[in-house]
Amino acid sequence: MSHSRLFKILYHLLDKGHATAPELASRFEVSPRTIYRDIEALSGAGIPIYAEPGRNGGIYLLHDQLLDRTVLSEEEKREILTAVQGMGSTGHLVREEIREKLSALFRVDTGDWLEVDLSRWGRSASDQEKFSALKKAVTGHQELRILYVNTRGEKRERTVQPLKLSFRSKEWYLKAFCLEKQDFRMFKLNRILWFKLLDGTFVPRLWPEPVDSLPESCPPDDCPRILLLFARKIAYRIYDEFDETQIACQENGDLLVSARMPQDPWLMGYLLSFGTMVEVIEPIGLREQLAAQARMIYEKNR
């Protein structure tokens, strides 16, 4: 007896609702008598399956009883529905009716409590369109031509083989193999200014985990440690952007942050975005660079 055929019979009945023995026999290239033996085996295994004789008869599953015997707990059913609900917001990956059907089958209603919005403020349509197109390229193993802005502000066109969409540190990234660099790279979705799906397809390469640092940044353990003092007035932003273990609250409410960060143009722009609310304690070289940049801004705008 083929266990593979038993599962295929079960899946067929779950999909179609019912079937006849001759129909299943023809589909799986066995005799009707073999199909009846398979039905007995499924029934003996506890699957609520039965056969009705006669012209309009057939083989059926008792769906409600089948679901009652499911190995999923109530909490697991709720987690599945929550995941489906969240995925539905990522570029229409799943339709709302799928969640409703699963909710009815599981006899569990999680309510409409979760909303995931991938877009920036005021950019809903374009960001969702970009996410959907990149998802299509990843799942279809389709090459992409992109225009990308790196951390130095340079715009470069790249041809890439998209491997995975990754959410990391409050941002979405595209993991891909860059044909120009002949190496793996991560591209921040917000910095992909233009893209085009190409006709070429590819066999996906295995992403070299754990090498998953950003292309223009050094791995966290290799980056120099910096010490920053932030004014208490912007504590809300510091807790948004740094882990609690990196933050030490001072007696006056100011926040001392110790973190490993790449010292590149992006970091300078990031620190300048805090204005007078940040002071670089270490390293001294970074402190001097920030002061020089601030003086240049002052001279240009006075």
Side-chain angles (χ1 to χ4, degrees), residues 83-84 86-95 98 116-224 241 259-273 289 293:
V84 170
M87 290 172 61
S89 300
T90 57
H92 308 293
L93 292 177
V94 290
R95 301 189 303 274
I98 295 178
V116 179
D117 191 345
L118 303 177
S119 61
R120 292 162 286 179
W121 292 106
R123 295 292 304 277
S124 177
S126 60
D127 283 351
Q128 293 284 10
E129 179 184 355
K130 180 191 296 183
F131 192 95
S132 296
L134 295 179
K135 182 263 297 185
K136 179 181 178 182
V138 170
T139 57
H141 310 314
Q142 195 168 354
E143 291 183 349
L144 278 173
R145 188 69 178 170
I146 65 173
L147 178 63
Y148 189 70
V149 180
N150 62 23
T151 55
R152 295 178 294 278
E154 301 166 341
K155 296 179 181 179
R156 295 284 188 271
E157 284 197 19
R158 309 273 191 93
T159 300
V160 301
Q161 296 176 342
L163 303 174
K164 187 182 298 186
L165 286 165
S166 173
F167 186 78
R168 177 175 179 176
S169 186
K170 304 187 290 294
E171 298 288 351
W172 281 99
Y173 297 89
L174 175 68
K175 288 185 172 182
F177 185 83
C178 179
L179 296 182
E180 277 77 9
K181 299 292 185 179
Q182 283 296 298
D183 201 359
F184 296 92
R185 291 290 188 270
M186 285 179 69
F187 301 95
K188 195 172 183 179
L189 259 60
N190 287 345
R191 294 204 215 128
I192 298 177
L193 304 183
W194 170 89
F195 61 90
K196 179 182 179 182
L197 273 69
L198 304 179
D199 293 332
T201 58
F202 61 94
V203 177
R205 306 165 192 255
L206 184 63
W207 182 265
E209 303 290 359
V211 181
D212 59 352
S213 58
L214 301 186
E216 294 85 16
S217 303
C218 52
D221 291 341
D222 295 337
C223 290
E241 300 178 14
R260 294 188 181 274
M261 303 178 74
Q263 293 191 33
D264 57 13
W266 173 87
L267 178 60
M268 191 59 59
Y270 176 73
L271 294 176
L272 287 170
S273 72
Q289 290 178 40
Q293 285 288 325

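All residue numbers in this chain count up from 1 along the given sequence.
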Check the pair Y148, R156 against side-chain contact (heavy atoms from CB on, under 4.5 Å), reporting the backbone distance first and the verdict last.
CA-CA 5 Å; Y148 189 70; R156 295 284 188 271; 5.7 Å; no
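- In this structure, P162 and L144 approach most closely via the heavy-atom pair CG-CD1, 4.0 Å.
- A distance of 10.5 Å separates CG in L165 from NZ in K175, rounded to the nearest 0.5 Å.
- Interatomic distance, F184 CZ to Q161 CD, rounded to the nearest 0.5 Å: 9.0 Å.
- The closest side-chain heavy-atom distance from H141 to F202 is below 4.5 Å.
- Here the CZ-CZ distance, from R158 to F187, works out to 4.5 Å after rounding to the nearest 0.5 Å.
- A donor-acceptor contact shorter than 3.5 Å links the side chain of K130 to the backbone of L189.
- Judged as a side chain to side chain donor-acceptor pair (under 3.5 Å), and not counting sequence neighbours, Q289 has no contacts.
- Looking only at distances, no side-chain donor or acceptor of S132 sits under 3.5 Å from a matching main-chain atom of E129.
- Listed by chain and number, the residues in a side chain to side chain donor-acceptor pair (under 3.5 Å) with Q142 amount to none (sequence neighbours excluded).
- Across all their heavy atoms, C178 and V160 have their closest contact at CA-CG1, 4.1 Å.
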Could you walk me through whether L134 and I192 satisfy the side-chain contact (heavy atoms from CB on, under 4.5 Å) test, starting with their C-alpha distance in whole Å, then the side-chain angles of each, then the deciding distance to 0.1 Å, before giving a yes or no?
CA-CA 11 Å; L134 295 179; I192 298 177; 4.3 Å; yes
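- Not counting sequence neighbours, T139 has no partner by the side chain to side chain donor-acceptor pair (under 3.5 Å) test.
- Remark: A133 pairs with F195, L197 by the side-chain contact (heavy atoms from CB on, under 4.5 Å) rule, at least two apart or across chains.
- Nearest heavy atoms, E157 versus L147: CG-CD1, 3.8 Å.
- In this view, R205 satisfies the salt bridge (charged side-chain N to carboxylate O under 4.0 Å, His left out) rule with no residue, not counting sequence neighbours.
- Listed by chain and residue number, nothing satisfies the side chain to side chain donor-acceptor pair (under 3.5 Å) test with Q293 (two or more places apart in sequence, or in another chain).
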Which is it for M186 and W207 under the side-chain contact (heavy atoms from CB on, under 4.5 Å) test, yes or no, and what are the steps along the way?
CA-CA 11 Å; M186 285 179 69; W207 182 265; 3.7 Å; yes
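- Not counting sequence neighbours, the partners of T159 by the side-chain contact (heavy atoms from CB on, under 4.5 Å) test are E143, R145, L179, E180, L198.
- The two residues Y173 and K188 make their nearest non-hydrogen contact at CD2-CA, 3.6 Å.
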